[in-house]
Structure formats: structure tokens, C-alpha cells
Amino acid sequence: MSPIIMATLTVFTRLVSIRGTYAKLLGLPHPLLVKCDGFVYGRSVMAYMCTDQSYMYDLLVIGGGSGGLAAAKEAVGLNAKVAVLDYVTPSPIGTTWGLGGTCINVGCIPKKLMHQAALLGEAVHEATKFGWQLPDPKTVKIDWEALTTAVQNHIKSVNWVTRVELRTKKIEYINALGHFKDAHTIVGVTKKGEEKILTAKNILIAVGGRPKYPDIPGALEYGISSDDIFSLNRAPGKTLLIGAGYIGLECAGFLNGLGYDATIMVRSIVLRGFDQQMVNLIVKEMEHRGVHFIYQAKPKKIAKQEDGRLLVDWVDKDGQIHQDVYDTVLFAIGRRALIEDLKPENAGLKIVPETNKIDAINEQTNVPNIYAVGDVLHKRPELTPVAINAGKLLARRLFGNSTEQMDYTNVATTVFTPLEYGCVGLSEEEAIMLHGEEEIEIYHAYYKPTEFFIPQKQVDHCYVKVIALRNGDERVLGMHFVGPNAGEVIQGFAVAIKCGLTIPKLKSTVGIHPTVAEEFTRIFITKRSGLDPSPQSCCS
Ligand code: FAD
Ligand code: NAP
């Protein structure tokens, strides 16, 4: 750019900046300024200076899931020229789906709908105790085909709305599998094998992951994963779920709730990384509801019998081989990030060998114009809101004036089993490791949800735990809740923790009666005291 043009643009930018100062004083968003490459320019100037004319897009997003779509929508709102590439490779049994990524198609949403279906089944059985006149609840059965059709119809409507939204916002959607040609060039390969060459100033990797399969005979031929269960074209029947993480527990929970025999095969411990006292409560509750657990076991072989059922061999910790027959075997042994398809070496992108994921500082990879968000990131929680927040904040930093970084600490989560376990902050084990046993105080209580009384539901595992610093301001470090609607309960307390919740503040909070969330405001027994944490009376 010639010095004369540059000087003219600078004077223009200064003038625009004065207008912006007034806007700032009035608390309005800046009317004419945008940030680009760390500098502030007038919007019209940016169109010339910042959108490098040699690239087709300001931002090219690979992966139209939670993180990628959030970043794309935010960026386009900040005047960036954006395209999104999304492509779903069929699962080993051929399941595929539309735009929107894991959460919408084969994750959070269908899972929550099936969780709800299981809860409704439970409610049908309880309803007669409340006076509802129904046919004998034992005769009430789930129609698997009707359930999957309803779930898939909802998903298709979300796919459609997502496509319309991209079109309306003028985000270019390209249905192609992308890989790097170089740090600014992506090759998109369509279903028909056509290649599209796309160039961008910034590239965002938001490709997420897919279920892992173990390397044992029959796994790929006869096993399924969470990619298939929500659209399975036959009732699952007696199901073996291999893996005791979120997905194994949640799928076993809703299958059992829907009336199918469900067994979880645990390799080491259940829900690694979670507070193990809480996990034990969840396991006991699941067992009470009829879920079976096989501990310290690894699958060895799956074979198809003549009757079409699956014969599974597994080995226990002593090396003994066991066998049983199932209608369905579902692998929930973790997810692999979709890195290889990207050909990261072509862009000089570094991958962490142990996890095969991308290590990014503030979502920026080792290649300065390439960013990553969501499940593909090394040592970050694999959760939808994490991907969405990181994507949005990144777009604001790239194309707005923001400097706000993603905060990955104190992210709340819930396991829907279907009695829920929700938590935020540190587990008891982590708190002891970080602060020492003498420096923390643990409050706890069992409680009885009011709605459990009439149907005489099991209350033994409804429990709350608050972990706090023992001295100083008694800051709350972690909150754990097993009970109905734990996700809804913990979400509010997650905000409180972000605001620096302390034990005195929690105790002085007036509860909402009669709710389960109020149990957190009633805590007074510490583990150290040795007092009995059995349920208090309803209204004392
Ligand atoms: P994704 O949403 O996976 O999107 C990535 C997209 O990129 C996909 O569409 C993929 O096909 C596409 N893609 C991959 N490679 C390429 C390529 N080379 N070119 C073009 N496109 C490509 N999280 C929660 O917070 N709450 C829950 O209750 C919850 N439940 C879950 C239940 C299950 C069964 C599963 C599997 C996950 C669940 N999760 C839940 C996790 C959540 O779904 C993920 O954390 C989230 O979807 C990650 O978003 P992402 O943007 O990183 O990737
Ligand atoms: P995960 O939580 O990482 O659990 C994987 C489980 O499989 C572990 O129990 C692990 O045991 C076991 N395992 C690993 N390899 C195995 C093998 N070869 N044979 C037998 N068992 C094996 O993974 P996931 O359940 O697949 O879930 C993936 C991610 O999705 C989660 O991390 C979570 O963030 C997200 N998700 C979230 C929600 C939610 O928010 N409610 C729901 C579902 C999924 P070890 O402990 O021995 O390694």
C-alpha cells in the first residue's frame, strides 16, 4: 500500500475513533471501529486493509458442530467473511447424519430425549400411587421405533434450522471433508469426490471426535456406538455397554429405564476423574434400578451366533475367560479426535502424541493463523458449552475488540444416569491433593425429595456434598449433588462459585421450599464432626 493511501486511511481512522469515544462514553457498542490483527480500524478501512484480498475468507471453520458453528456465527456478526466445512463419515455400520455436529445429532440432544423417555416410564409406574387410573403399569411398554422416529424427527428439524440460519447469516456452508494443503489452504473433498480449494486468513479446527473401537475380533463388524444407538432400526434388547465413562453410564441408564437389560463392563473404575464417593452412590442407585456391572474386565472377542445374537468373550483381572450372549454390544470407551483426516503435517501443525489432540494456548495452535476449539483440544473438557464459549470468545478476539479469554475452570457438568449426578469445581480427592486434608472442610447430607414419598422411591442415594476451604473466607471449592434434576440445580450454584461463593454466604441463603436445590442451603454437618448426615426432617 502506498504511503499516501496509508496516511489518508490513518487520518480517517483517527476521525472515526473520536466518534467511537462518544459511543463508549454513552455505553454503546463502537459504531465504526473494528479490531484486526491487534490494531483498531474504521469498518470501511478494515474491508480494504484487513480482509486480505489474496484469501477467499477471513475465517474458514473446519467442523460444523458446537464450537465451529458458534465461532462462525459470532465472526460473521463482526463482519468477517466466513465459511464452514462439515462432513460426517459414516459409522462402521453406516450411520450418518446432518449438519450440527455430535451434540445435536448423536450426543447431548438425543441422549437427553431418551433420558426423558426413561423418566416418563418411571413416572407412569409412580402415577397410580398418586391416584392416576392407568392400565396395569406392568403392561406399559416402550415402542422403540416410535421413540427413535420422534427423536430423529426432532434432530432433522434442528439440522434444517441450522442450515437456514447459516444461509440467513450469509455463512457459506460446504458439505466436504477438509484437509490442509498448507497453513492458509484447505482442500474440501465432497461426497462425489470433487475437490474444492479454499483459502483463508484464519482457519479454525473444530472437528470434534468419534467413538473409539477396541482392537478385538468382531468389534467393528458387530459392535455399535453412541453414533448408532439413537437411530438403531431395531430394539436394542439385552445390551452390553463396554466402558464406564459418561456415555456407558448414561446409555445403560436410559436403556434400563426403557425396559432393556443393560450391563456395563468396567475396565478399572467407574467415571474416572469424578468424586468417587459420589460415583459409588450412582453405581448403587443404578444397580438398585437393575443395571448390571461387570468389574475389572476387558472384552476379548465378539462373534455372531446362528440365531443372530452376539456371543461376547471377556477376560477378568485373573485372566479367566467369561462368556455371555447379548442382542447389542455398545462401545463407549472414549472418543478419538478427528485429526488424521486433516493432514495436519501439511500445515506444520503439532499434535500431542499421547492424546492425538491439539495443544493450543488460548485456542491458538503452534501455527499462528490456525486455531482450535472443542473436543479436539488436549486436556480440555469434552462438553458442548465449553466448545461453544471457546468458539464465541475466539471470534470476538479475532474480529471484535475483545481480549476476553476462555475460562476452563469450574465448568459444571451432569451425568444423566437417570438419577442425575451434577457437580462443579473440585472433587474431594482433588481438594485433598491440592490443599491437604487439614485445610478443607466437607459438608454433607442425605436428603429425601418430597416427590419420592408417595411412590416410596428409594432415597438412600440422594446426597449433597460441599467442599470448602476450612479457614479464611471459607471459599467453596466444589459442589456435588445426586438426585432428581441435578443438572438444573448445579447450573445455578456454578454461577455462585464463579462469583466466589463462601460457606457463610451459602448458609445465609434462604432456600426455596420444597425443592431439592434448597438442600445445599441447609448443610451444617461436616464429615470431620462425625455426626450422622441422615436426612433432616422436612421442614426443620
Ligand atoms: P462436534 O460437535 O463433534 O463437531 C465436529 C464436526 O466436524 C462434526 O460434524 C464432524 O463430522 C465434522 N468434521 C470432522 N472432521 C471434519 C473434516 N475433516 N472436514 C469437515 N468436517 C469435519 N456434552 C454436554 O455438554 N452435555 C451432554 O449432555 C453431552 N452428552 C453427550 C452424549 C454423547 C452420546 C456424546 C457422544 C457426547 C456428548 N456430549 C455432551 C459432548 C458434546 O457432544 C461434545 O463435547 C461437543 O459436540 C463437541 O463439539 P465440537 O464442536 O468440538 O465437535
Ligand atoms: P470417557 O468418559 O473417557 O470414558 C471411557 C471409558 O471407557 C472409561 O471407563 C475407560 O476406562 C473405558 N475404556 C477405555 N478404553 C477401554 C478399552 N480398551 N476397553 C474397555 N474399556 C475401556 O468416554 P466416553 O464415555 O466415551 O465419553 C466421551 C466424552 O463425551 C466424555 O469425556 C464427556 O466429556 C463427553 N460426554 C459428556 C456427557 C455429559 O455431559 N452428560 C455425556 C456423554 C459424553 P478407564 O477409566 O480404565 O480408562
Side-chain angles (χ1 to χ4, degrees), residues 61-71 84-90 96-112 114-115 174-180 186-189 204-216 219 225-227 229-230 241-251 254 264-274 296-300 314 330-344 372-377 380-388 390-391 411-417 420-422 486-487:
V61 180
I62 316 176
S66 308
L69 290 177
V84 173
L85 248 87
D86 191 63
Y87 190 87
V88 179
T89 312
T96 187
W97 50 89
L99 177 64
T102 303
C103 179
I104 286 172
N105 293 286
V106 287
C108 335
I109 301 305
K111 181 276 304 291
K112 185 76 190 288
M114 293 218 171
H115 168 68
I174 303 154
N175 184 205
L177 185 71
H179 66 259
F180 283 97
I186 295 294
V187 181
V189 183
L204 173 61
I205 301 172
V207 294
R210 292 292 287 272
K212 288 182 191 164
Y213 280 69
D215 186 15
I216 57 165
S225 74
S226 53
D227 282 355
I229 186 73
F230 305 110
L241 300 108
I242 297 170
Y246 274 94
I247 297 178
L249 262 70
E250 291 186 336
C251 291
F254 72 67
I264 299 175
M265 186 175 285
V266 188
R267 177 171 74 171
S268 56
I269 57 167
V270 177
L271 283 177
R272 177 181 297 284
F274 283 84
Q296 308 274 303
K298 280 192 266 183
K300 206 172 151 36
W314 70 90
L330 188 151
F331 292 109
I333 63 167
R335 296 169 64 79
R336 66 186 167 88
L338 292 176
I339 294 289
E340 289 91 9
D341 287 341
L342 289 174
K343 303 191 181 167
V373 294
D375 284 7
V376 80
L377 284 180
R380 297 297 187 203
E382 293 177 15
L383 296 170
T384 276
V386 170
I388 291 176
V411 173
T413 185
T414 289
V415 193
F416 300 83
T417 53
E420 299 176 14
Y421 165 36

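Order of appearance sets the numbers: ligands from 1, and atoms from 1 within every ligand.
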The atoms of ligand 1 lying under 4.0 Å from a heavy atom of G67, numbered in the order shown, are 51 (O)

Identify, by atom number and element, the atoms of ligand 1 in contact range of C103, meaning under 4.0 Å from any of its heavy atoms.
43 (O), 47 (O)

Which is it for K212 and ligand 2 at heavy atoms under 4.0 Å: side chain, backbone, both or neither?
neither

Answer with side chain, backbone, both or neither: which part of R272 has a heavy atom less than 4.0 angstrom from an atom of ligand 2?
side chain

Among all protein non-hydrogen atoms, which one is nearest to atom 16 (C) of ligand 1, and what is the separation to 0.1 Å?
V207 CG1, 3.6 Å

Which residue and heavy atom of the protein sit nearest atom 1 (P) of ligand 2, plus the separation:
G245 CA, 4.1 Å

I need the contact type for R335 against ligand 1. Using non-hydrogen atoms and a strict under-4.0 Å cut-off, is it side chain, backbone, both or neither?
side chain

Would you call the rings of F331 and Y213 parallel, tilted or perpendicular if under 30° counts as parallel and over 60° as perpendicular?
tilted

Measuring from the heavy atoms of A332, does anything fall under 4.0 Å of ligand 2?
yes

For atom 18 (N) of ligand 1, find the nearest protein heavy atom and state the residue, atom name and distance (0.1 Å precision).
G178 O, 3.0 Å

Tell me the protein heavy atom at minimum distance from atom 35 (C) of ligand 1, and give that distance in Å.
G107 CA, 3.6 Å

Describe, in one word, how the ring planes of F254 and F230 are oriented to each other, choosing from parallel (under 30°), tilted (30 to 60°) and perpendicular (over 60°).
tilted

For F416, is there any backbone N or O sitting under 3.5 Å from a side-chain donor or acceptor partner on E250?
yes

Of the protein's non-hydrogen atoms, which lies at the shortest distance from atom 38 (C) of ligand 1, and what is that distance?
C108 N, 4.0 Å

Quick one: does R335 get a heavy atom under 4.0 Å from ligand 2?
yes

Ligand 2 contacted by M265 (non-hydrogen, < 4.0 Å):
no

Atom SG of C103 and atom CD of E382: how far apart are they, to the nearest 0.5 Å?
13.0 Å

Atom 11 (O) of ligand 1 sits nearest the protein heavy atom Y87 O, 2.8 Å

Take R335 and T102, measure what side-chain hydrogen bond (donor to acceptor under 3.5 Å, both in side chains) needs, and give me the verdict at the end.
CA-CA 11 Å; R335 296 169 64 79; T102 303; 3.3 Å; yes

Looking only at protein heavy atoms, identify the closest one to atom 20 (C) of ligand 1 and say how far it is in Å.
A176 O, 3.4 Å

Consider ligand 1: state whether an atom of it lies below 4.0 angstrom from any non-hydrogen atom of D86.
yes

Atoms of ligand 1 less than 4.0 Å from P385 heavy atoms?
25 (O)

Numbered atoms and elements of ligand 1 in range of A206, under 4.0 angstrom, heavy atoms
4 (O), 5 (C), 6 (C), 7 (O)

